[in-house]
Amino acid sequence: MATDILISEVGLRDGLQSIDAILSTERKKAWISAQHAAGTREMEVGSFVPAKLIPLLADTAEVVRHATSLPGLRVAALVPNLHGLRDAVANGVHKVTLPFSMSETHSIRNLRKTHAQVIEEIGRCIEFLDTLPGERRPQFEVSLSTAFGCTLEGPVPEQRVIGYAVQVIALGVDEVCLSDTTGYGNPAQLRRLVRGVREACGADRLDSVHLHNTRGQGLANALAAVEEGITTLDSSLGGIGGCPWAPGASGNIVTEDLVFLLESMGLSTGIDLDALIEVRELVQAALPGVELFGFTPAAGLPLGYRPACEPSP
Ligand code: ZN
């Protein structure tokens, strides 16, 4: 069944990357299998970075191989550069995301690259992708990170975000994603950015947003995105990841609450909320001491709750 909104689960990458807990490869595989069984159809399962930088993600290749064995699951991974992209392609990833920080200060600290150097790297990635036969070429997305503001630079000019979106699409990138890495965004800003990027690049070049709930604006931003026609939303199970600057705040928006928001509005996600809450229990058991977030799992489903695929009588 076609769904209205694709929820892309990023807990295994963005979530785990942000916390200090070790999750064994077997437990990562069990999480992916369980969430796939609950109806999730896209998961970002890791990052192809040198293992010495993020040891927690050293098993990405093995985790990807497991994920790609599950029918109907689109497997995504983060790559910082051409080297990571080659590894992702070698392991059969369906969608790769390269982060491009709209704050040059953040870009230099995180990826050790100026904006000009990131653009060059993206160009090299495109050259490599163009050598691949169609069936081996993954979807190539550039995530415009810190697009809503940066903890180091403060406000990020919207024209800068739109300008870089145009530039990377012209290079041959398939899609851009608007990423509120820092949880600075608000719905009005999100609407302006979505419209601005789509007007400049074409509506089909921006389908997804990546939101954090650092200041509690995550679901408001998600709703604004859906109303603007965005069809892919990143979220993490239990809002795993947290935020070092905001104790008590979740990392990404919480998958369970996002599914409830969309399904109760009549927008299908394909995800069975009861089954998803069981996955949460599995992950919590595997990560003792790690705080999971979310209102829906705590409160339970309302009496008479019906998912979008079961319209009320
Ligand atoms: Zn993030």
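Whatever order the structure lists ligands and atoms in, that order sets their numbers, starting from 1.
- Heavy atoms of other residues, nucleotides or ligands lying less than 6.0 angstrom from CZ of F295 number 12 at most.
- The count of protein N, O or S atoms under 2.8 Å from the Zn ion (ligand 1) stands at 3, with waters excluded from the count.
- Taking 4.0 Å as the cut-off between side-chain N and carboxylate O, K29 and E62 count as a salt-bridged pair.
- Annotation: side chain to side chain donor-acceptor pair (under 3.5 Å) contacts of R124 (sequence neighbours excluded): E121.
- Legend: residues meeting ring-ring contact (aromatic ring centres under 6.0 Å, His included) with Y164, ordered by chain and number and at least two apart, are F100, H115.
- The residues R13 and D234 are annotated as not salt-bridged, no charged nitrogen and carboxylate oxygen being separated by less than 4.0 angstrom.
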What pairs of donor and acceptor atoms, side-chain ones from residues 76-88 against any protein atom, are under 3.5 angstrom apart with sequence neighbours left out?
unit_1	atom_1	unit_2	atom_2	d
N81	OD1	H83	N	3.2
N81	OD1	G84	N	2.9

